[in-house]
Student: 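This is the structure I have questions about; it appears just below.
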Amino acid sequence: MEAALLRFCNWSTLAVCAALKLPQISAVLAARSARGVSLPSLLLELAGFLVFLRYQCHYGYPPLTYLEYPILIAQDVILLLCVFHFNGNVKQAAPYIAVLVCSWFILTLQKWIIDLAMQE
């Protein structure tokens, strides 16, 4: 019984996370405008998800404890590209994406870097 409840909770969390940003993405696409979407807020959220995911992977936590984060990161990247597309220049997204990809590797170059990134 407990195992079934835990399995249900895991899969329902994944389902909710998969649909979390879809209304926002569809609203941006329908309006054909990124008005109302804060770029700094989106980048901060994306950085937070990335640091947390990297921390969990680096320290070997079970994948079920962080499986929703790649889904959230993918949705945020799609939203980031929509923001730049509707602001008129998708090429401006390249440095942001490059920094995020580089930070994936930089965070674990030294143990103190990832630990510092996760401090309150």
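We count residues from 1, following the sequence as given.
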Student: How close do H85 and V90 get, heavy atom to heavy atom, and via which atoms?
Tutor: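 Minimum heavy-atom contact is CA-CG2, 3.5 Å.
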Student: Is it possible for you to say whether L44 and L53 belong to one hydrophobic cluster, with membership spreading through side-chain heavy-atom contacts below 4.5 Å?
Tutor: no
Student: Is the side chain of Q75 donor-acceptor paired with the backbone N or O of K21 at a distance under 3.5 Å, no angle test?
Tutor: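 At least one qualifying donor-acceptor pair exists.
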Student: Please report the interatomic distance CG(N87) to CD(Q92), rounded to the nearest 0.5 Å.
Tutor: 8.0 Å
Student: Got L80 and I97 here, is their nearest side-chain heavy-atom distance under 4.5 Å?
Tutor: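 Side chain of L80 against side chain of I97, heavy atoms only: contact under 4.5 Å found.
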Student: Hydrophobic clustering (ILVMFWY, side-chain heavy atoms < 4.5 Å, transitive) - are W104 and L42 grouped together?
Tutor: yes
Student: Answer with yes or no whether the hydrophobic clustering places W11 together with F8; edges join I, L, V, M, F, W, Y residues whose side-chain heavy atoms lie under 4.5 Å apart.
Tutor: no
Student: Hey, what's the ring geometry for F52 with Y69, parallel, tilted or perpendicular (30° and 60° as the breaks)?
Tutor: tilted
Student: Atom CD in Q110, atom CG in D115: separation rounded to 0.5 Å?
Tutor: 11.0 Å
Student: Can you measure from SG (C82) to CD1 (I25) and round to the nearest 0.5 angstrom?
Tutor: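 Between atom SG of C82 and atom CD1 of I25 there are 6.5 Å.
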Student: Quick one: do V51 and Y61 end up in the same hydrophobic cluster if we chain Ile, Leu, Val, Met, Phe, Trp and Tyr together by side-chain heavy atoms under 4.5 Å apart?
Tutor: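 Both belong to a single hydrophobic cluster.
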Student: Find the distance between OG (S103) and CD1 (I113) and round it off to the nearest 0.5 Å.
Tutor: 11.0 Å
Student: If we only count heavy atoms from C-beta on, is the Y96 to L39 side-chain gap below 4.5 Å?
Tutor: yes
Student: Cluster question for you: counting only ILVMFWY and a side-chain heavy-atom cut-off of under 4.5 Å, with indirect links fine, are V101 and L50 together?
Tutor: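 Yes; tracing contacts between hydrophobic side chains, which count when under 4.5 Å, links both residues.
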Student: What's the spacing between L46 CG and L43 CG if we round to 0.5 Å?
Tutor: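 These two atoms lie 6.5 Å from each other.
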Student: Quick one: closest heavy-atom pair of T108 and R54, and the distance?
Tutor: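 The pair with the smallest heavy-atom distance is OG1-NH2, 2.9 Å.
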Student: Between atom CG of L79 and atom CG of L22, what is the distance when rounded to the nearest 0.5 Å?
Tutor: 10.5 Å
Student: At their closest point, which heavy atom of A34 faces which heavy atom of V83, and how far apart are they?
Tutor: CB-CA, 3.7 Å
Student: So with a 6.0 Å cut-off around CZ of F86, is the heavy-atom count from everything else above 12?
Tutor: yes
